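Presented below is the structure to which this report refers.
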Amino acid sequence: MTINPLPYAQKVLVLTPHPDDESIGCGGTIALYSSKGVDVHLAVISSGENIAREFVGDIDVAEARCREMEAASRILGIKEVYSLGFPDGQLALHKEGIEEKLREIISDINPDIIFAPSPFDSHDDHRAVSEVAINFLIGGCLFKVAFYEVYGTVRFDTLIDISSVISIKENAIKNYHYSLMRQPELYNESIKGLNRFRSFYARKLGYYEAFWLVSGKMTQSEIYSWLTYGMDEPAIKFLSKLNTVDKLLV
């Protein structure tokens with residue numbers, strides 16, 4: 001597979017369900033855009049307050065994660081952060097409100113590309129945010145949408161070489177102490193492993209972030225059919241079964 005140049009953009013909007021997902025999923029690409037003078041905006045959908053006390057102790061989790069996110073944003077060169085404050089762990093119940101808020105932000109900054117989690121991510125909140133991004137595509141948005149990887153891989157068509165900024169991505173992730181349950185090194189090594197594995201497809205040793213980059217109007221069926229490699233089973237039914245299995249494994 002060909003290594004892709006950084007997709008052209010003057011303004012970028014990254015959707016992160018929780019503080020830390022942006023650094024894990026596309027921190028390298030964010031750093032590359034920032035280094036080229038592109039305005040990168042970050043929409044933090046939830047405050048990330050839903051972390052078990054056994055991992056964070058007796059602290060204000062939302063406040064701590066906000067501080068970590070602000071520090072990581074400075075490391076990555078993010079220009080502006082929008083904190084939406086929807087309840088962590090319940091984003092699926094607030095998709096309409098999230099979409100309404102994001103439309104206001106989009107109208108204000110007019111991004112060329114929006115980054116969102118993969119529709120097949122194993123986290124409910126991540127899928128909820130991806131579904132909002134899918135609604136933009138179904139409605140025929142003028143911007144491109146790039147789906148990124150956090151807790152699950154995605155069928156991708158775009159590989160971005162982040163080797164030159166991998167240390168910046170590492171520093172951003174390591175900054176998330178409480179967000180990553182006091183194990184930022186574990187998460188950092190895990191995602192670096194995925195980024196390294198993508199060398200298999202690039203046929204060149206390095207670190208790569210993978211995306212499905214979409215432009216133009218698409219139906220929901222077309223989106224899920226592409227993501228599932230055109231499986232005979234209807235894609236929407238497949239996604240429903242995947243969500244059911246996830247719930248059984250919790």
Side-chain angles (χ1 to χ4, degrees), residues 1-18 20-36 38-45 73 76-80 82 98-99 102-103 105-106 109-121 123 125-163 165-166 168-169 172 191 194-195 198 201-202 207-218 220 222-228:
M1 182 172 181
T2 304
I3 303 169
N4 304 92
L6 195 65
Y8 171 79
Q10 291 183 319
K11 295 181 180 179
V12 169
L13 176 62
V14 179
L15 311 184
T16 183
H18 315 94
D20 69 25
D21 296 320
E22 81 294 331
S23 297
I24 293 172
C26 53
T29 299
I30 292 173
L32 286 174
Y33 274 123
S34 298
S35 70
K36 296 181 180 298
V38 174
D39 290 344
V40 180
H41 301 257
L42 179 67
V44 186
I45 311 301
S73 296
L76 295 175
I78 291 172
K79 178 179 180 179
E80 189 168 4
Y82 301 84
I98 293 169
E99 184 171 338
L102 288 178
R103 287 190 183 278
I105 295 170
I106 291 167
I109 67 176
N110 192 26
D112 300 294
I113 301 177
I114 286 182
F115 287 81
S118 163
F120 286 167
D121 196 290
H123 197 300
D125 279 353
H126 294 197
R127 289 198 300 271
V129 174
S130 76
E131 287 167 16
V132 172
I134 285 172
N135 285 343
F136 293 146
L137 289 171
I138 293 172
C141 56
L142 297 178
F143 48 82
K144 297 179 180 179
V145 176
F147 293 103
Y148 62 81
E149 303 173 317
V150 182
Y151 292 125
T153 58
V154 66
R155 182 185 179 190
F156 63 92
D157 62 4
T158 302
L159 273 182
I160 303 299
D161 187 348
I162 63 165
S163 304
V165 293
I166 189 63
I168 297 176
K169 176 171 181 169
I191 198 63
L194 174 60
N195 296 156
R198 294 309 189 190
Y201 298 91
Y207 295 94
Y208 303 86
E209 288 176 342
F211 305 94
W212 182 36
L213 184 62
V214 192
S215 60
K217 187 172 183 178
M218 295 184 73
Q220 188 178 46
E222 288 172 335
I223 291 168
Y224 286 117
S225 180
W226 194 91
L227 288 167
T228 59

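These numbers come from the heavy atoms of this one structure, side chains and all, not from hydrogens, waters or symmetry mates. For clarity, every value in this text was computed on a predicted model and none was experimentally measured.
Between the CD1 atom of Ile78 and the CD1 atom of Ile30 there is a distance of 4.5 Å, given to the nearest 0.5 Å. Residue Ser130 holds its OG atom at 11.0 Å from CG of Asp125, rounded to the nearest 0.5 Å. With rounding to the nearest 0.5 Å, the separation of OG1 in Thr16 from NE2 in His126 is 7.0 Å. One distance of note links CG of Asn4 with OG1 of Thr158; it measures 4.5 Å at 0.5 Å rounding. The distance from atom NZ of Lys169 to atom SG of Cys26, rounded to the nearest 0.5 Å, is 7.5 Å. A distance of 4.5 Å separates CZ in Arg155 from CH2 in Trp226, rounded to the nearest 0.5 Å.
A pairwise comparison of heavy atoms in Pro117 and Val129 identifies CD-CG1, 3.8 Å as the closest pair. Between Tyr208 and Ala202 the shortest heavy-atom distance is CZ-CB, 3.6 Å. Nearest heavy-atom pair across Ala31 and Val165 is CB-CB, 4.1 Å. Counting all heavy atoms, side chain and backbone alike, Val154 lies closest to Ala210 at CG1-O, 4.5 Å. Closest approach of Tyr33 and Pro7 over heavy atoms only: OH-O, 2.6 Å.
Partner Thr29 forms a side chain to side chain contact (heavy atoms under 4.5 Å, CB included) with one of Ile160, Val40, Val14 and no other, that one being Ile160.
Screening residues 137-149 for side chain to side chain donor-acceptor pair (under 3.5 Å), with sequence neighbours left out, gives Glu149-Arg198.
Side-chain atoms of Ser225 never come within 3.5 Å of backbone atoms of Glu222 as a donor-acceptor pair (strictly under, hydrogens ignored). Of the possible polar contacts, one joining the Asp112 side chain to the Lys11 backbone as a donor-acceptor pair under 3.5 Å is found. Remark: the backbone N or O of Tyr151 is paired with a side-chain donor or acceptor of Asp121 at under 3.5 angstrom. In this structure, the side chain of Glu22 engages the main chain of Asp20 through a donor-acceptor pair within 3.5 Å.
Ala146 is linked by a side-chain contact (heavy atoms from CB on, under 4.5 Å) to Ile113, Phe115, Phe211, Leu213, counting only residues two or more places apart in sequence or in another chain. Checked against side-chain contact (heavy atoms from CB on, under 4.5 Å), Ser163 has the following partners two or more places apart in sequence or in another chain: Asp161, Tyr207.
Residues Ile223 and Trp212 are in side-chain contact: their nearest non-hydrogen atoms beyond the backbone lie under 4.5 Å apart. With a 4.5 Å cut-off on side-chain heavy atoms, Leu76 and Ser23 count as touching. Leu6 is listed as a side-chain neighbour of Lys36, based on a closest heavy-atom distance under 4.5 Å. Within the 4.5 Å cutoff, no side-chain heavy atoms of Asp21 are placed close to those of His123.
Taking the six-membered ring where the residue is Trp, the centroids of Phe147 and Phe120 are separated by 6.0 Å or more. Taking the six-membered ring wherever Trp is involved, the centroid distance between the rings of Tyr201 and Phe156 falls below 6.0 Å.
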Query - Audit row: Ser73, Leu42, side-chain contact (heavy atoms from CB on, under 4.5 Å) steps and yes/no - result: CA-CA 8 Å; Ser73 296; Leu42 179 67; 3.9 Å; yes
Query raised in the report: What do the steps show when you test Ile114 against Ile106 for side-chain contact (heavy atoms from CB on, under 4.5 Å), and what is the final call?
Result: CA-CA 9 Å; Ile114 286 182; Ile106 291 167; 3.5 Å; yes
Requested in this report: Verify side-chain contact (heavy atoms from CB on, under 4.5 Å) between Glu209 and Asn195, making sure each step is shown before the conclusion.
Outcome: CA-CA 6 Å; Glu209 288 176 342; Asn195 296 156; 4.0 Å; yes
**Report entry** Leu142 and Asn110: CA distance, side-chain angles, deciding distance, side-chain contact (heavy atoms from CB on, under 4.5 Å) verdict
**Finding:** CA-CA 9 Å; Leu142 297 178; Asn110 192 26; over 6 Å; no
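At a threshold of 4.0 Å, the pair Arg103-Glu99 counts as salt-bridged, since one of the basic side-chain nitrogens sits closer than that to a carboxylate oxygen.
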